[in-house]
Amino acid sequence: MSRAWKVREYGEPSSVLRLEESTVPTPGHGQVRVRVAATSCNFADVLLCRGEYQQKPVPPFTPGLEVCGWVDDLGGGVEPRLLASRIVGQPILPHGGFAEVTLMNADEAYVVPREIDDVTAATLHLTYLTAWLGLHRRAAIKPGDVVVVTAAAGGVGSAAVQVARAAGATVIAIVSDSGKAATAAGLGADHVVDRSSGDVIEQVKTLAPEGAHIVFDSVGGKAYEQATKFIAFEGRIVVVGFASGYIPRPHLNHAFVKNYTIAGLHWSLYRKYRPDLVHIAQAAIFEMASAGLIDPLITARSGLEDVPAALDDLAHGRTRGKTVITV
């Protein structure tokens with residue numbers, strides 16, 4: 001038996017999560033079983049609990065989409081070399097990562113370089129793949145670009161700041177208060193715009209008179225609408241999520257008049273259609289981390305018992321960077 005947090009009905013994480021004893025899962029063909037070392041908390045986990053994520057697993061299920069751990073059993077057809085490897089990846093629902101044991105597809109398990117610790121590794125998959133694929137694949141980032149990152153002190157936003165800086169871009173970080181402004185500056189942002197200190201559009205235009213070449217937006221709502229006002233000619237707005245809870249309705253006539261591109265990013269689709277790009281992206285992320293070009297902003301480490309509280313803080317915007325659950 002092993003422990004796992006289970007969602008038996010959709011709702012807020014603090015209300016619906018229950019820590020239960022479960023039978024240790026057996027890996028199927030092409031799968032590996034993983035003894036969890038660390039699981040990173042993501043807003044997607046909140047949406048899973050609410051039944052609002054792109055994937056909507058039927059309860060009961062365990063959330064937790066970004067895991068580092070040790071392979072302790074192999075299903076059929078899996079290369080023996082993976083046994084006892086330390087890997088990072090996305091678990092197979094309903095066996096999510098907020099548990100002592102989970103399952104992964106062997107071809108989506110990435111061996112972690114020795115110099116990267118468990119907690120750091122647990123943050124280098126989902127969020128950094130979102131940032132890398134959003135900036136490099138969807139936005140075709142190049143040195144000298146001006147990149148605006150909304151919610152830049154959050155998990156995905158902080159990753160995007162660092163990936164953009166590593167690509168040679170000038171980064172303008174948008175945050176919601178002065179405390180998060182200091183966080184964004186510490187991540188390496190060239191400029192920080194505090195929403196609470198004045199008009200966001202004017203502040204960005206002052207910093208980038210010709211507009212932003214790329215806007216990496218995980219907020220939606222008003223943040224997206226503001227982005228359409230300061231995007232440059234032939235700029236790219238990468239739509240990553242809607243943390244504000246409001247999905248904006250784009251005015252396509254505006255995109256037509258200003259010649260900008262609206263690019264959606266649901267990174268998990270690359271797992272289905274372009275797994276080769278996921279492997280390239282993950283290798284690049286490991287290389288950047290090993291070289292010190294990126295350093296995940298990990299602001300809290302908690303035990304397995306603290307998952308509901310950690311996700312509740314994330315759901316209500318009380319976090320900066322990443323919270324990692326260690327098992």
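All values below come from the heavy atoms of this structure, side chains included, with hydrogens, waters and symmetry mates left out. All residue numbers in this chain count up from 1 along the given sequence. Quantities reported herein were computed from a predicted structural model and do not represent experimental measurements.
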**E108 CD to I92 CD1 distance, which is reported to the nearest 0.5 Å** = 7.5 Å

**Same cluster (ILVMFWY, side-chain, under 4.5 Å), Y270 and L129** = yes

**Request:** Please confirm whether the backbone N or O of L124 pairs with a side-chain atom of Q282, one donor and one acceptor, at under 3.5 Å?
**Result:** yes

**Residue pairs passing the side chain to side chain donor-acceptor pair (under 3.5 Å) test where at least one lies in residues 72-89, sequence neighbours excluded** = R33-D72, R35-D72, E79-R81, R86-D118

**Message:** Do L65 and Y128 land in one hydrophobic cluster if side-chain heavy atoms of ILVMFWY residues count as linked below 4.5 Å?
**Reply:** yes

**Prompt:** Linking I/L/V/M/F/W/Y whenever their side-chain heavy atoms sit closer than 4.5 Å, directly or via other members, would V192 and V161 fall into one cluster?
**Reply:** no

**Asked** Between the side chains of Q203 and R195, does any donor sit under 3.5 Å from an acceptor?
**Response** no

**Item:** Min side-chain heavy-atom separation T150-S218 under 4.5 Å
**Value:** yes

**Asked** Is it the case that one hydrophobic cluster holds both V71 and V327, taking links as side-chain heavy atoms less than 4.5 Å apart, direct or via other members?
**Response** yes

**Request:** Could you grab the distance from atom NE2 of H191 to atom CD1 of I174, nearest 0.5 Å is fine?
**Result:** 12.5 Å

**Prompt:** Atom CG in L311, atom CH2 in W5: separation rounded to 0.5 Å?
**Reply:** 9.5 Å

**Prompt:** Are any non-hydrogen side-chain atoms of L297 and T183 less than 4.5 angstrom apart?
**Reply:** yes

**Request:** Using a 4.5 Å cut-off on heavy atoms from C-beta on, say whether the side chain of T123 contacts that of V119.
**Result:** no

**Message:** With side-chain contact (heavy atoms from CB on, under 4.5 Å) as the criterion, how do M104 and Q31 come out once you've worked through the C-alpha distance, each side chain's angles and the decisive distance to 0.1 Å?
**Reply:** CA-CA 6 Å; M104 287 186 197; Q31 297 177 349; over 6 Å; no

**Item:** Contact check, side chains of H136 and V163, non-hydrogen atoms, under 4.5 Å
**Value:** yes

**Message:** With clusters defined by side-chain heavy atoms of hydrophobic residues (ILVMFWY) lying less than 4.5 Å apart, directly or transitively, does I172 cluster with F216?
**Reply:** no

**Item:** Residues, nucleotides or ligands: over 12 heavy atoms within 6.0 Å of R249 CZ
**Value:** no

**Message:** Quick check for you: to the nearest 0.5 Å, what is the distance between L265 atom CG and R137 atom CZ?
**Reply:** 11.5 Å

**Asked** What are the two closest non-hydrogen atoms of S244 and G221, and how far apart are they?
**Response** OG-N, 3.7 Å

**Asked** Going through the checks in order, is the ring-ring contact (aromatic ring centres under 6.0 Å, His included) test met by Y260 and H254?
**Response** CA-CA 9 Å; Y260 62 82; H254 192 258; 5.6 Å; yes

**Message:** Treating T39 as the side-chain partner and G97 as the backbone partner, does any N or O pair qualify as donor plus acceptor under 3.5 Å?
**Reply:** yes

**Message:** Show the nearest heavy-atom pair for residues T62 and F98, with the distance to one decimal.
**Reply:** CG2-O, 3.5 Å

**Asked** So, K322 versus S40: side-chain donor-acceptor pair below 3.5 Å or not?
**Response** yes

**Request:** For the pair V148 and I231, evaluate side-chain contact (heavy atoms from CB on, under 4.5 Å) and give the outcome as yes or no after the intermediate values.
**Result:** CA-CA 9 Å; V148 171; I231 192 71; over 6 Å; no

**Request:** Measure from the side-chain N and O atoms of T261 to the backbone N and O of A263, and report whether any donor-acceptor pair falls under 3.5 Å.
**Result:** no

**Message:** For A152, is there any backbone N or O sitting under 3.5 Å from a side-chain donor or acceptor partner on S158?
**Reply:** no

**Asked** Roughly how far apart are E100 CD and S2 OG, rounded to 0.5 Å?
**Response** 5.5 Å

**Message:** Please tell me whether T228 and K258 have a donor and an acceptor in their side chains that are separated by less than 3.5 angstrom.
**Reply:** no

**Residue pairs, two or more places apart or on separate chains, that pass salt bridge (Lys or Arg N to Asp or Glu O under 4.0 Å) and touch residues 197-208** = none

**Prompt:** Are H279 and Y110 an aromatic pair by the rule of ring centers under 6.0 Å?
**Reply:** yes

**Request:** For the pair T319 (side chain) and D313 (backbone), establish whether a donor and an acceptor sit closer than 3.5 Å, ignoring hydrogens and angles.
**Result:** no

**Asked** Just wondering, do V239 and D217 contact through their side chains at under 4.5 Å, heavy atoms?
**Response** no

**Request:** Could you tell me whether a side-chain N or O of E66 sits under 3.5 Å from a main-chain N or O of G89, the two making a donor and an acceptor?
**Result:** no

**Item:** salt bridge (Lys or Arg N to Asp or Glu O under 4.0 Å) between D145 and R236, worked out
**Value:** CA-CA 11 Å; D145 278 344; R236 289 84 73 198; 3.6 Å; yes

**Request:** Kindly check if the number of other-residue, nucleotide or ligand heavy atoms within 6.0 Å of CD (E9) is above 12?
**Result:** no

**Request:** Tell me, yes or no, whether the heavy-atom count around E52 atom CD, taken from other residues, nucleotides or ligands under 6.0 Å, exceeds 12.
**Result:** yes

**Item:** Trace of the side-chain contact (heavy atoms from CB on, under 4.5 Å) decision for W132 with I280
**Value:** CA-CA 10 Å; W132 196 97; I280 290 169; 4.3 Å; yes

**Prompt:** Between the side chain of S290 and the main-chain N/O of E287, is any donor-acceptor distance below 3.5 Å?
**Reply:** no

**Asked** Which heavy-atom pair separates A99 from L304 by the least distance, and what is that distance?
**Response** N-CD1, 3.9 Å

**Prompt:** Can you check whether I116's main-chain N or O pairs, donor with acceptor, with T120's side chain at less than 3.5 Å?
**Reply:** no

**Item:** Side-chain heavy atoms of V34 within contact of V101, under 4.5 Å
**Value:** no

**Message:** If you compare all heavy atoms of A160 against all heavy atoms of L135, which two are closest, and at what distance to 0.1 Å?
**Reply:** O-CD1, 3.6 Å

**Request:** Scan residues 177-193 for pairs that pass salt bridge (Lys or Arg N to Asp or Glu O under 4.0 Å), counting only residues two or more places apart or in two chains.
**Result:** R165-D190

**Request:** For the residue pair E234 and N259, confirm or rule out a side-chain donor-acceptor distance under 3.5 Å.
**Result:** no

**Message:** Looking at A44, is its backbone amide N or carbonyl O close enough to the side chain of N42 to form a donor-acceptor pair, meaning the two atoms are under 3.5 Å apart?
**Reply:** no

**Fill in**
Closest non-hydrogen contact found for I141 with A164 is CD1-CA, 3.9 Å

**Request:** Please lay out, stage by stage, how V238 and V215 fare under the test side-chain contact (heavy atoms from CB on, under 4.5 Å).
**Result:** CA-CA 6 Å; V238 184; V215 178; over 6 Å; no

**Min side-chain heavy-atom separation P60-E20 under 4.5 Å** = no

**Request:** Show your reasoning for whether salt bridge (Lys or Arg N to Asp or Glu O under 4.0 Å) applies to R50 and E12.
**Result:** CA-CA 6 Å; R50 293 172 176 170; E12 291 301 309; 2.8 Å; yes

**Asked** Is a side-chain donor or acceptor of T130 paired with a backbone partner of L126 at a separation under 3.5 angstrom?
**Response** yes

**Asked** Are Y224 and I262 side-chain neighbours, meaning at least one heavy-atom pair lies under 4.5 Å?
**Response** yes

**Fill in**
When rounded to the nearest 0.5 Å, the distance separating CG of L269 from CD of Q54 is 8.0 Å

